[in-house]
Amino acid sequence: MSNLVPPHGSETLKPLLLEGEARAEELKKAEGLKKVPMTSRETSDLIMMGIGAFTPLDGFMGYDDWKGCCDDFQMPSKDGLFWPIPITLSADEDLANSISIGEEVALWDKETESIMGTMKVTEKYTIDKEHECKQVFRTTDTEHPGVQKVMAQGPVNLAGPIKVVSESYYPEMFKGIYQRPAEARKIFEERDWSTVAALQLRNPMHNSHAYLAWIAIEVCDGVYIHQLVGKLKPGDIPAEVRVKAIQALVDNYFRKERVVQGGYPMEMRYAGPREALLHAVFRQNYGCSHLIVGRDHAGVGDYYGPFDAQKIFREIPQDALVLRPLCMDWTFYCYKCQSMASMKTCPHEEKAVLDENGNYVSGARLLLSGTMLRKMLSEGKPVPKEFSKPEVIAILKEYYASLKEKVEVKLHGAATGEAANKK
Ligand SMILES: [Zn+2]
């Protein structure tokens, strides 16, 4: 018997991925169908549905669910079940016109030029893209990477139940890290865990993340270091480097039996608070009872307040999810506390001053942001030892030294600590 939280809105996981003969037959059939090209985001959503991470979705959403998600965080087609971000597929007008309702189509990944699945088209509809952006991203600014993608979508959405035939390159490329929800649940069950905190990562793990993970282990049976192996922004550190850096940290500074590392294929939307909720939905499907929500979870630039992603969990109905957020305050290293600390614990308000070699001069708090770490590394500046463990720094330095072109990392308010007072 599993003691883990149940999947979202369902007693069992609902993976849409076919296997064995059924998969081979579907693929053969798909080759004769009209191809609907998918963007990388749409492909990543399809894989999430394939592996059961988006349980209980059975395909791309129709208009009512699109609107329900945008305006009320719920899907009318699933008795009003909570869902925070529309999962939709778009097409250009000519293609949409050529497809009739009830027709089966092949879902085609443009990037890998391969068939990913099939869909029985049950609905074609147009949406107000600006409305979706306003609701989901809280902005229609086309500088926002998530907004950009919605605005660039085809004008018609196609909806219907899907069958998935491929997980793309993830199982091969991220062997040992890429995990389906059923696989993660099995590991947790073998360890007899009932409470698991997910730590979402898309940057290398520095001491702040380690601190969050240690706290989570204190209050839960274990921590699931769950990192994104889907698409990121240019300038972000590739997954294989992050995996190596996390492993170095886990091997040297954690009790192995309390940590599981895994990867998931979803592309970031950078929707801040809304995305934190989507992260919560699929972490529950992975068997996690808690999601660590720190500063600026899934945000980008200065679009969201540093704790908006925590607030939104208090605004949704309390029975929306079984998973609970583990809200953590802003954490940092404090030279006066001589340890990691947070705004909730440390009484020393002044910022630490370091010399150009990263050695302590005066003050107290050293804010550790992934963006700052990347900036120091890309500029070849020494990284203070309080920022990250030496094993991690060594791996990251090696990666930056291997880059042919210098990456320019822009600092936004939240990364410099300027937004600390916005709370
Ligand atoms: Zn302090």
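Whatever order the structure lists ligands and atoms in, that order sets their numbers, starting from 1. For this chain, numbers begin at 1 and follow the sequence in order.
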> Applying salt bridge (charged side-chain N to carboxylate O under 4.0 Å, His left out), which residue pairs with at least one partner in residues 340-350 are found, sequence neighbours left out?
Replying inline: K336-E350
>> For the residue pair R274 and Y304, would you count it as a cation-pi contact if the rule is NZ or CZ under 6.0 angstrom from the ring centre and within 45 degrees of the ring axis?
In response: no
>> Regarding E190 and K186, does a basic nitrogen lie under 4.0 Å from an acidic carboxylate oxygen?
In response: yes
> Can you count the protein N, O or S atoms that lie less than 2.8 Å from the Zn ion (ligand 1)?
Replying inline: 4
> Is K385 paired with E391 through a side-chain N to carboxylate O contact shorter than 4.0 Å?
Replying inline: no
> Can any side-chain N or O of H209 pair as donor or acceptor with the backbone N or O of H206 at less than 3.5 Å?
Replying inline: yes
>> Check whether Y399 forms a cation-pi arrangement with R242 (NZ or CZ under 6.0 Å from the six-membered ring centre, at most 45° off the ring normal).
In response: no
